[in-house]
Visitor: 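Can you read through this structure? Questions will come right after.
Chain naming here is simple, since letters A, B, ... match the order of the sequence lines and numbering starts at 1 in each.
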Amino acid sequence: MAKEITSRVNDYSQWYNDLVVKSGLADHSSVRGCMVIKPYGFAIWEKMQAALDKMFKDTGHVNAYFPLLIPKSFLSKEASHVEGFAKECAVVTHYRLINDPNGKGVIVDPDAKLEEELIIRPTSETIIWNTYKNWIQSYRDLPLLINQWANVVRWEMRTRLFLRTAEFLWQEGHTAHSTSQEAIEETERMLDVYAEFAEKWMAMPVLKGKKSPNERFAGALDTYCIEAMMQDGQALQAGTSHFLGQNFAKAFDVKFANKEGKEEFVWASSWGVSTRLIGALIMAHSDDEGLVLPPMLAPIQVAIVPIFKGEEDLKKIEEKFAPLLLELKAKNISVKFDKDDTKRPGFKFAEYELKGVPVRLAMGMRDYEAGTIEVARRDTKEKSVQQFEGIGNYIEKLLEDIQANIFNRAKTFRDSHIREVNTWDEFLKAIEEPGFISAHWDGTPATEEKIKELTKATIRCIPLNNKQEDGKCVFTGNPSKERVVFARAY
RNA sequence: CGGGGUGUAGCGCAGUCCGGUAGCGCACUUGGUUUGGGACCAAGGGGUCCCAGGUUCGAAUCCUGGUACCCCGACCA
């Protein structure tokens, strides 16, 4: 075995790290907490971007780009926003380096201190709302529906590849509206877009819900989220959509004249997903042999391994496959025909499993003569021999089947790991098992805080369209109208 | 920020206790044989032993100081 991956049961966290590095998605960089996203990992991100970008455009949004650097003073204009982000901001203080007069290398030129320090954006609400002030005068300028693809920096104390890195890639939508209701509708619409993307493309079931006040975005009136369950039963927030009310409009003085000619503050939403989704993808589906990628996001959907002795065999097999390659291309299926003669078939099989390629085809002279082909699917690791004739359609269906199968597998796992509990004793017992807990909560931040302190579990969300039922808070016994979802989270 | 670990060839590591020619596996290069589940043989190339200072005839190894990254926790839109 050239590449040993720690097994999930042994050490889930180590399994994840091994997998990310050994499958070639990303590496640690020489900067603490920052990663190098390698071509294979970036290809997944590009597929995610393409799908999401289309969904954003289809819902009326356009892309723009705002600066990486933000004047320090901007951040403090919205009180709770600065409180949330100040402690993890990287700051630019100087603009020049000079040769070190005492030795080798360069030092910061003390004479090149910035008048006002700049922060590297941890998120762009402030610089964007400062810009919107100039763009919005009338109700005719609204709504403003803008998205940006960007990188942000948050100086996290502890980082993990993809899940929490100091620098990460994301998209952030920032919209401006003339009414509260319209902004709320936008917030909910984008949550639906995220949920659809997670379930349809990533094959990852998610719970849609609202955050409790404790877990809200710094500066939001309401934070909506999608929460996914990883294979170790922990929760991962996979996307958020915030209703910002008029907080940023007030902080940056963004007003518009309504139809009656009166000035009003603008209503806002913001929403984002990040490269963390790649972490989610890995932890939702993969196994001890490597990645398991959903066909819709796999950079390579079909790998073909010809097994040959000498140029003549290879040529025969290549000729046999030529029409199939065209057919698959026409079906928009990405294929790699791997005729690399320096690696043996067994090596390639293992490598494509590690990389999570959904379907692998193998053909040697035996199959060639018989008019058959070996088909291996990554999700179940099943192999079968099929007739070569008509294999294009078979593969197309198989990819759909794999996409559906891994979604169903993840959904079955999740649904069987959500427990309803009604007493504190049950809660304490259940939280030591993998999975989510559905329980009544009295709605107070104090109770949530206390539960977190005692169990490390947080309220992941208050599910949307939640069933209303009378109950008692699992901790205080105070009356409650609905259940909320508790879990330990990444 | 607390605790732990690690810095030696591209990668993974041994050597450090007990100072004395810098090693192993993988990868790489060349040639050959192989090819249906991670091939084999032969030859070869590759080093600021994290940095600085000290002890010593001599330091990867001992001493002092620094630094970087990783892991566990606390923290975390």
Visitor: Provide, to the nearest angstrom, the distance between the CZ atom belonging to A:Arg32 and the C1' atom belonging to B:C70.
Guide: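 Computing the A:Arg32:CZ to B:C70:C1' distance gives 11 Å.
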Visitor: Which dot-bracket string fits RNA chain B when only Watson-Crick or G-U wobble pairs with both atom distances under 3.5 Å count, crossing pairs get [ ], and | stands for a partner on a different strand?
Guide: ((((((((.[[[[.)....(..]]]].((((((.....)))))).....[[[[[..)....]]]]])))))))....
Visitor: Write down the distance separating the P atoms in B:A52 and B:A68, rounded off to the nearest Å.
Guide: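 Result for the P pair: 16 Å, nearest Å.
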Visitor: Expressed in angstrom and rounded to an integer, what is the separation of A:Arg164 atom CZ from B:C72 atom P?
Guide: 12 Å
Visitor: Under the 3.5 Å rule, do the base of B:G37 and the side chain of A:Glu353 count as making a donor-acceptor pair?
Guide: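 Indeed, a donor on one side and an acceptor on the other fall under 3.5 Å apart.
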Visitor: Please report the distance, rounded to the nearest Å, between CD in A:Glu351 and P in B:G38.
Guide: 14 Å
Visitor: If a pair satisfies salt bridge (charged side-chain N to carboxylate O under 4.0 Å, His left out) and one of its residues is in residues 220-229 of chain A, list it, with sequence neighbours excluded.
Guide: A:Lys210-A:Asp222, A:Lys211-A:Glu227, A:Glu227-A:Arg460
Visitor: Starting at CD of A:Glu453 and ending at P of B:G73, how long is that distance when rounded to a whole Å?
Guide: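 Rounded to the whole Å, the gap is 18 Å.
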Visitor: Which residue pairs satisfy the side chain to side chain donor-acceptor pair (under 3.5 Å) criterion with at least one member in residues 305-322 of chain A, sequence neighbours excluded?
Guide: A:Glu318-A:Lys339
Visitor: Is A:Glu374 touching bases, backbone alone, or none of the nucleic acid, heavy atoms closer than 4.0 Å?
Guide: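 Touches a base.
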Visitor: With the threshold set at 4.0 Å, does a side-chain nitrogen-carboxylate oxygen contact exist between A:Lys133 and A:Asp253?
Guide: yes
Visitor: Donor-acceptor pairs under 3.5 angstrom involving side-chain atoms of residues 164-175 of chain A: please list them, not counting sequence neighbours.
Guide:
residue, atom, partner, partner atom, Å
A:Thr165, OG1, A:Glu167, O, 2.8
A:Glu167, OE2, A:Asn151, ND2, 2.9
A:Trp170, NE1, A:Glu172, OE2, 3.4
A:Gln171, OE1, A:Tyr194, OH, 2.5
A:Gln171, OE1, A:Val273, N, 2.8
A:Gln171, NE2, A:Asn147, OD1, 2.7
A:Glu172, OE1, A:Ser124, N, 2.9
A:Glu172, OE1, A:Ser124, OG, 3.4
A:Glu172, OE1, A:His174, NE2, 2.8
A:Glu172, OE2, A:Ser124, OG, 2.7
A:Glu172, OE2, A:Gln148, NE2, 2.9
A:Thr175, OG1, A:His177, NE2, 2.7
A:Thr175, OG1, A:Ser269, OG, 2.5

Visitor: What is the distance, rounded to the nearest whole Å, between atom CG of A:Asp18 and atom P of B:C11?
Guide: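 Roughly 17 Å, once rounded to whole Å.
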Visitor: When the distance from CD1 of A:Ile307 to C1' of B:U34 is rounded to whole Å, what number comes out?
Guide: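 Distance check: A:Ile307 CD1 to B:U34 C1' gives 14 Å.
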Visitor: Tell me what A:His242 touches on the nucleic acid: a base, only sugar-phosphate, or nothing, going by heavy atoms under 4.0 Å.
Guide: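 Sugar-phosphate contact only - A:His242 comes under 4.0 Å of backbone atoms but never of a base.
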Visitor: At less than 3.5 Å, do the side-chain atoms of A:Lys383 and the base atoms of B:G37 form a donor-acceptor pair?
Guide: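 Between B:G37 and A:Lys383, which were checked side chain against base, a qualifying N/O pair under 3.5 Å is present.
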Visitor: Quote, to the nearest angstrom, the P distance that separates B:C63 from B:U6.
Guide: 15 Å
Visitor: I'd like to know if A:Arg344 reaches the base of B:G36 with its side chain such that a donor and an acceptor end up less than 3.5 angstrom apart.
Guide: no
Visitor: On RNA chain B, compare the nucleotides closest to A:Tyr490 and A:Cys34; which residue's is nearer the 5' end?
Guide: A:Cys34
Visitor: Pair up each side-chain donor or acceptor in residues 32-45 of chain A with any protein partner under 3.5 Å, not counting sequence neighbours, and list the distances.
Guide:
residue, atom, partner, partner atom, Å
A:Arg32, NH1, A:Met157, O, 3.2
A:Arg32, NH2, A:Glu156, O, 2.9
A:Tyr40, OH, A:Lys355, O, 2.6

Visitor: Mind checking side chain to side chain donor-acceptor pair (under 3.5 Å) for A:Glu432 and listing every partner two or more places apart, or none if nothing turns up?
Guide: A:Arg488
Visitor: Go nucleotide by nucleotide along RNA chain B from the 5' end; which of A:Thr159 and A:Ala376 gets its closest nucleotide reached first?
Guide: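 Taking each residue's closest nucleotide, the earlier one in sequence belongs to A:Ala376.
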Visitor: Of the options B:C71, B:G37, B:C76, whose atoms approach the side-chain atoms of A:Phe349 most closely?
Guide: B:G37
Visitor: Does CD belonging to A:Glu389 count more than 12 external heavy atoms closer than 6.0 Å?
Guide: no
Visitor: For atom CD of A:Glu83, is the number of surrounding heavy atoms from other residues, nucleotides or ligands below 6.0 Å larger than 12?
Guide: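 Open: at most 12 neighbouring heavy atoms sit under 6.0 Å from CD of A:Glu83.
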Visitor: State whether A:Lys211 places a side-chain N or O below 4.0 Å from either non-bridging phosphate oxygen (OP1 or OP2) of B:C76.
Guide: no
Visitor: Taking only the side-chain heavy atoms of A:Ala350 (C-beta and beyond), determine which of B:C76, B:G36, B:G37 contains the nearest atom.
Guide: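 Between B:C76, B:G36, B:G37, the one nearest the side chain of A:Ala350 would be B:G37.
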Visitor: Could you work out, with side-chain contact (heavy atoms from CB on, under 4.5 Å) as the rule, every residue matching A:Asn214, not counting sequence neighbours?
Guide: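 A:Asn214 satisfies side-chain contact (heavy atoms from CB on, under 4.5 Å) with A:Ser212, A:Pro445, A:Glu448, A:Glu449 once adjacent residues are dropped.
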Visitor: Distance check, C1' atoms only: B:G10 and B:C51, in whole angstrom units.
Guide: 22 Å
Visitor: Please state whether the phosphate of B:C71, meaning OP1 or OP2, lies under 4.0 angstrom from any side-chain nitrogen or oxygen of A:Asn17.
Guide: yes
Visitor: Quick one: is B:C72 close enough that its OP1 or OP2 comes under 4.0 Å of any side-chain N or O from A:Ser13?
Guide: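 True: A:Ser13 side-chain N/O within range (under 4.0 Å) of B:C72 OP1/OP2.
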Visitor: Test: ring-ring contact (aromatic ring centres under 6.0 Å, His included). Region: residues 298-321 of chain A. Which pairs qualify, not counting sequence neighbours?
Guide: A:Phe321-A:Phe337, A:Phe321-A:Phe388
Visitor: Scan A:Phe168 against the nucleic acid and name what it touches under 4.0 Å (heavy atoms): base, sugar-phosphate only, or nothing.
Guide: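 Touches a base.
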Visitor: Between protein and nucleotides 1-6 of chain B, map the contacts as a letter string: B base, S sugar-phosphate only, - none, heavy atoms under 4.0 Å, written 5' to 3'.
Guide: ------
Visitor: Nearest whole angstrom, please: distance from the P of B:U34 to the NZ of A:Lys348.
Guide: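 Computing the A:Lys348:NZ to B:U34:P distance gives 17 Å.
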Visitor: Rounding to an integer number of angstrom, what distance separates B:U8 and B:C24 when you compare their C1' atoms?
Guide: 12 Å
Visitor: Just say parallel, tilted or perpendicular for the rings of A:His242 and A:Phe217, cut-offs at 30° and 60°.
Guide: parallel
Visitor: Taking the C1' atom in each of B:U35 and B:G25, what is the distance between them to the nearest angstrom?
Guide: 24 Å
Visitor: Please report the distance separating the C1' of B:G37 from the corresponding atom of B:C75, rounded so that it comes out in whole Å.
Guide: 46 Å
Visitor: On a whole-Å scale, what distance lies between the P atoms belonging to B:G65 and B:G73?
Guide: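 About 30 Å, rounded to a whole number of Å.
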Visitor: Can you tell me how far P of B:U35 sits from NZ of A:Lys339, to the nearest Å?
Guide: 20 Å
Visitor: Rounding to the closest angstrom, what is the interatomic distance between B:C13 and B:C49 at atom C1'?
Guide: 13 Å
Visitor: Are the aromatic rings of A:His61 and A:Trp271 close, with centres under 6.0 Å apart?
Guide: yes
Visitor: Any side-chain N or O of A:His28 under 4.0 Å from OP1/OP2 of B:C69?
Guide: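 Checking A:His28 against B:C69: no side-chain N or O falls below 4.0 Å of OP1 or OP2.
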